[in-house]
K.L.:
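Structure in structure tokens, see below.
The structure presented is a predicted model; accordingly, all values stated were derived computationally and were not measured. Keep in mind that the numbers below use all heavy atoms, side chains included, and drop hydrogens, waters and symmetry copies.
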Amino acid sequence: QVQLVESGGGLVQAGGSLRLSCAASGRTFSSYFMGWFRQAPGKEREFLAHINYSGGRTYYADSVKGRFTISRDNAKNTVYLQMNSLKPEDTAVYYCAVYRGGTYYSPRSYDYWGQGTQVTVSS
């Protein structure tokens, strides 16, 4: 069993930045591949970024490439999402999740999910 707790969300003006954190329980965090997703009201959960166990390989959705950066600190059992140049359309609840295999951009490829953290970007 893995528990994930996201933090760092909030209200920010367009063009601003936020850094989200996802703290994981368990002693095997360094072996997990991780992902970040978001979900806006009335929309499906959307893939944002994926990172391998070491942090040496990352993938991004086109919608956030060049603006968001996923990283991890295995010593702290934490994965991060640095979000820059935020836009009102980035407003959503943001989730981290543990990848179990399969298509890395599909939510069905992830097992454990955090409770989410709200990000609101004002225009």
K.L.:
Can you tell me how far CG of N52 sits from OG of S31, rounded to the nearest 0.5 angstrom?
P.N.:
11.5 Å
K.L.:
How close do S85 and S17 get, heavy atom to heavy atom, and via which atoms?
P.N.:
N-OG, 4.3 Å
K.L.:
Heavy atoms, side chains only, cut-off 4.5 Å: are Q115 and E6 in contact?
P.N.:
yes
K.L.:
If you compare all heavy atoms of R72 against all heavy atoms of F33, which two are closest, and at what distance to 0.1 Å?
P.N.:
NH1-CA, 4.3 Å
K.L.:
Answer yes or no: are there more than 12 heavy-atom neighbours, outside Q118 itself, under 6.0 Å from its atom CD?
P.N.:
yes
K.L.:
Please report, to 0.1 Å, the donor-acceptor pairs under 3.5 Å made by any side chain of residues 42-49, with sequence neighbours excluded.
P.N.:
unit_1 : atom_1 : unit_2 : atom_2 : d
R45    : NE     : Q39    : OE1    : 3.2
R45    : NH2    : Q39    : OE1    : 3.2
E46    : OE1    : R38    : NE     : 2.7
E46    : OE1    : R38    : NH2    : 3.3
E46    : OE2    : S63    : OG     : 3.2

K.L.:
Quick one: are M83 and V12 in side-chain contact, heavy atoms under 4.5 Å?
P.N.:
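They are not in side-chain contact.
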K.L.:
Are side-chain heavy atoms of R19 and L81 found at a separation under 4.5 Å?
P.N.:
no
K.L.:
Does atom OH of Y105 have more than 12 heavy-atom neighbours, drawn from other residues, nucleotides or ligands, at distances under 6.0 Å?
P.N.:
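No - once you tally the heavy atoms of other residues, nucleotides and ligands closer than 6.0 Å, there are 12 at most.
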K.L.:
Please tell me if the side chains of S109 and Y99 come closer than 4.5 Å, counting only heavy atoms from C-beta onward.
P.N.:
yes
K.L.:
Could you measure the distance from the OG atom of S123 to the CD atom of E89? Nearest 0.5 Å is fine.
P.N.:
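That separation rounds to 10.0 Å.
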K.L.:
For residues 53-62, which side-chain donor-acceptor pairs fall under 3.5 Å, sequence neighbours excluded?
P.N.:
unit_1 : atom_1 : unit_2 : atom_2 : d
S54    : OG     : G56    : N      : 3.2
Y60    : OH     : I70    : N      : 2.9
D62    : OD1    : K65    : NZ     : 3.3

K.L.:
How about CD on Q13, more than 12 heavy atoms from neighbouring residues, nucleotides or ligands closer than 6.0 Å, or not?
P.N.:
no
K.L.:
Give me the atom names and distance for the closest heavy-atom approach of G9 to V119.
P.N.:
CA-CG2, 4.1 Å
K.L.:
Looking only at the aromatic ring of each residue, does the gap between the centers of W113 and F37 stay below 6.0 angstrom?
P.N.:
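Ring centroids of F37 and W113 are less than 6.0 Å from each other.
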K.L.:
Kindly compute the distance separating CG (D90) from OG1 (T120), expressed to the nearest 0.5 Å.
P.N.:
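Going from CG on D90 over to OG1 on T120, the span is 11.0 Å.
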K.L.:
Below 4.5 Å, heavy atoms only, C-beta onward: do S7 and T117 meet side chain to side chain?
P.N.:
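With C-beta onward as the side chain, the pair stays apart.
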K.L.:
To the nearest 0.5 Å, what is the distance between CG (L20) and OG1 (T78)?
P.N.:
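Separation between the atoms: 12.5 Å.
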K.L.:
Hey, is the main chain of G102 close enough, under 3.5 Å, to the side chain of R108 for a donor-acceptor pair?
P.N.:
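Between the backbone of G102 and the side chain of R108 there is no qualifying donor-acceptor contact (under 3.5 Å).
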K.L.:
Measure the shortest side-chain to side-chain distance between L86 and F68 over non-hydrogen atoms and say whether it is less than 4.5 angstrom.
P.N.:
yes
K.L.:
Is the side chain of S106 donor-acceptor paired with the backbone N or O of T103 at a distance under 3.5 Å, no angle test?
P.N.:
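No; zero donor-acceptor contacts below 3.5 Å.
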K.L.:
May I ask you to decide if V121's main-chain N or O and T91's side chain share a donor-acceptor pair within less than 3.5 Å?
P.N.:
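Yes; at least one donor-acceptor contact below 3.5 Å.
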K.L.:
Are V2 and Y32 packed together at the side-chain level, in the sense that at least one heavy-atom pair is separated by less than 4.5 angstrom?
P.N.:
yes
K.L.:
Going only through I, L, V, M, F, W and Y residues with side-chain contacts under 4.5 Å, is there a path from Y80 to V98?
P.N.:
no
K.L.:
Does some side-chain heavy atom of Y112 sit less than 4.5 Å from a side-chain heavy atom of Q1?
P.N.:
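Yes. Closest side-chain heavy atoms under 4.5 Å.
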K.L.:
Going through the distances and angles, do Y95 and Y110 end up as a ring-ring contact (aromatic ring centres under 6.0 Å, His included)?
P.N.:
CA-CA 11 Å; Y95 300 90; Y110 294 78; over 10 Å; no
K.L.:
Between V79 and F29, which heavy-atom pair has the shortest distance, and what is it?
P.N.:
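Answer, listing the atom of V79 first, then F29: N-CZ, 4.0 Å.
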